[in-house]
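Taking it in order: structure first as structure tokens, then the write-up.
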Amino acid sequence: MRYLMLVVEPDVPEREPDTDIEDWVRRHDGDGSRVLGERLRPATDMRRVQVRDRRTLVSDGPFTESKVVIGGFDLIEAPDLEAALAIAAEHPGSRGGGTVEVHPLWPAGGAEQA
């Protein structure tokens, strides 16, 4: 099953990536559990798109007075939620004030799995 991991971190301008992430990426790319992942650009580069009354509204970020931002994401493949949580716990983003959210994905085609 696939899981989307969102790396939520303190909102610190132009924070340098943790060097431990390179080891985590190498390990999980090597064992096939990491499908894809990237750092996100700062919240000031973000845009929000909404369609209201058939009009497209685009707003520049940042949007809220938040103390945290989504700093990146990883798409992982794991046999079950317990394994996905173990992979997330190893992620450097889960330490030092950060959080890794683990979101199970619906399988392609929309069929539900238990």
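Because the structure is a prediction, the values reported are computed rather than measured.
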Among residues at least two apart in sequence or on other chains, which ones pass side chain to side chain contact (heavy atoms under 4.5 Å, CB included) with [X]?
X     : result
Arg55 : Leu57
Val51 : Thr56
Arg2  : Val35, Leu75, Glu77, Leu105
Ala88 : Met5, Val100, Val102

Applying salt bridge (Lys or Arg N to Asp or Glu O under 4.0 Å), name anything that partners Glu101, two or more places apart in sequence or on another chain. none
Excluding sequence neighbours, so at least two apart, what forms salt bridge (Lys or Arg N to Asp or Glu O under 4.0 Å) with Arg41? Asp45
Taking Thr99 for its side chain and Val8 for its backbone only, find out whether a donor-acceptor pair lies under 3.5 Å.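 Flag not set: sc Thr99 to bb Val8 has no pair under 3.5 Å.
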Which heavy atom of Ala84 sits nearest to which heavy atom of Ala78, and what is that distance?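 The answer is N-CB, 3.7 Å.
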What closest approach, in Å, do Val69 and Ala43 show between heavy atoms, and which atom pair accounts for it? CG1-CB, 4.4 Å
Does any non-hydrogen side-chain atom of [Y] lie less than 4.5 Å from one of [X]?
X     : Y     : result
Tyr3  : Ile87 : no
Ser59 : Arg47 : no
Phe73 : Leu4  : yes

Output for pair (Glu22 CD, Asp20 CG), nearest 0.5 Å, gives 9.0 Å
With rounding to the nearest 0.5 angstrom, report the CD1 to CG distance, Ile70 to Leu6.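 It is 5.0 Å, given to the nearest 0.5 Å.
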Any pair with a residue in residues 32-54 that passes ring pair (Phe, Tyr, Trp, His ring centres under 6.0 Å), sequence neighbours left out, goes on the list, sorted by first then second residue, please.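 Ring pair (Phe, Tyr, Trp, His ring centres under 6.0 Å) check on residues 32-54 returns no pairs.
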For residues 19-60, which residue pairs qualify under ring pair (Phe, Tyr, Trp, His ring centres under 6.0 Å), counting only residues two or more places apart or in two chains?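 Counting only pairs at least two positions apart or across chains, the ring pair (Phe, Tyr, Trp, His ring centres under 6.0 Å) contacts touching residues 19-60 are Trp24-His28, Trp24-His91.
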Per the salt bridge (charged side-chain N to carboxylate O under 4.0 Å, His left out) rule, what does the pair list look like for residues 79-91, sequence neighbours excluded?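 Qualifying pairs, neighbours excluded: Arg27-Glu90.
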Salt bridge flag under 4.0 Å for residues Arg26 and Asp29: no
With a 4.0 Å cut-off, would you call Asp60 and Arg48 a salt bridge? no
Suppose clustering is done on Ile, Leu, Val, Met, Phe, Trp and Tyr with side-chain heavy atoms closer than 4.5 Å. Which residues sit in the same group as Val58? Val49
